[in-house]
Undergrad: 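Got a structure for you, questions after.
These figures come from a predicted structure and were not determined experimentally.
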Amino acid sequence: MSGPYEAEYEATAEVRDVYAGYHKRGVMRAKTLDRLLRTCSEYGLEVGSYDREVLRWIAGQKPEAAQVIVGLVQRCGTASRPSTMDETG
């Protein structure tokens, strides 16, 4: 699932792996930043220096907030890709 999210708990379910590293300093932020950057890369988004700075800031927030961004990128990317099915379905 990558959204749309109606409540925070839905996004929380998607970031359990991030919380698994909570006890180690900086691990949550690093995992969250990696998730954001990996998603941008998977969908062919070029990330500039300022983009990366903002993504680092987002990664420092709740992982659920970053997951909303991940979900938006995934949904936009999926919606803009041509369908692999022909017109007859």
Undergrad: Could you grab the distance from atom OH of Y5 to atom CD of Q67, nearest 0.5 Å is fine?
TA: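 Output value for this atom pair is 3.5 Å.
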Undergrad: Hey, quick one: are Y9 and V70 part of the same hydrophobic cluster, counting side-chain heavy atoms closer than 4.5 Å, chains of contacts allowed?
TA: no
Undergrad: Is there a path of hydrophobic side-chain contacts, each under 4.5 Å between heavy atoms of I, L, V, M, F, W or Y residues, that connects V47 with V54?
TA: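 Looking at the clustering, V54 is in the same group as V47.
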Undergrad: If every non-hydrogen atom of S2 is compared with every non-hydrogen atom of R75, which pair is closest and at what distance?
TA: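 Nearest heavy atoms, S2 then R75: O-NH1, 2.6 Å.
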Undergrad: With no hydrogens and no angle check, is any side-chain donor or acceptor of E10 less than 3.5 Å from a backbone partner on A7?
TA: yes
Undergrad: For P63 and V18, work out which heavy atoms get closest and say how close.
TA: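 Scanning both residues, the minimum pair turns out to be CG-CG1, 3.7 Å.
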Undergrad: Distance from E64 atom CD to Y19 atom OH, nearest 0.5 Å?
TA: 3.5 Å
Undergrad: Give me the atom names and distance for the closest heavy-atom approach of R35 to T39.
TA: O-OG1, 2.8 Å
Undergrad: In Å and rounded to the nearest 0.5 Å, what is the OH to CZ distance from Y43 to R38?
TA: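 Y43 OH to R38 CZ: 11.5 Å, rounded to 0.5 Å.
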Undergrad: Could you tell me the separation between the OG1 atom of T12 and the NZ atom of K62, rounded to the nearest 0.5 Å?
TA: 7.0 Å
Undergrad: About how many Å separate CG of L36 and CZ of R56, when rounded to the nearest 0.5 Å?
TA: 11.5 Å
Undergrad: Report yes or no: does S41 contribute a side-chain atom to a donor-acceptor pair with the main-chain N or O of L37 at less than 3.5 Å?
TA: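 Here the side-chain-to-backbone pair does not exist.
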Undergrad: Please report the C-alpha distance between L55 and C40 in whole Å, then the side-chain angles of each, then the deciding distance to 0.1 Å, and finally whether the side-chain contact (heavy atoms from CB on, under 4.5 Å) criterion is met.
TA: CA-CA 10 Å; L55 291 176; C40 289; 4.3 Å; yes
Undergrad: Distance from I58 atom CD1 to Q61 atom CD, nearest 0.5 Å?
TA: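 Here the interatomic distance stands at 8.0 Å.
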Undergrad: Locate the shortest heavy-atom distance separating A66 from T32; write the atom from each residue and the value.
TA: CB-CG2, 3.2 Å
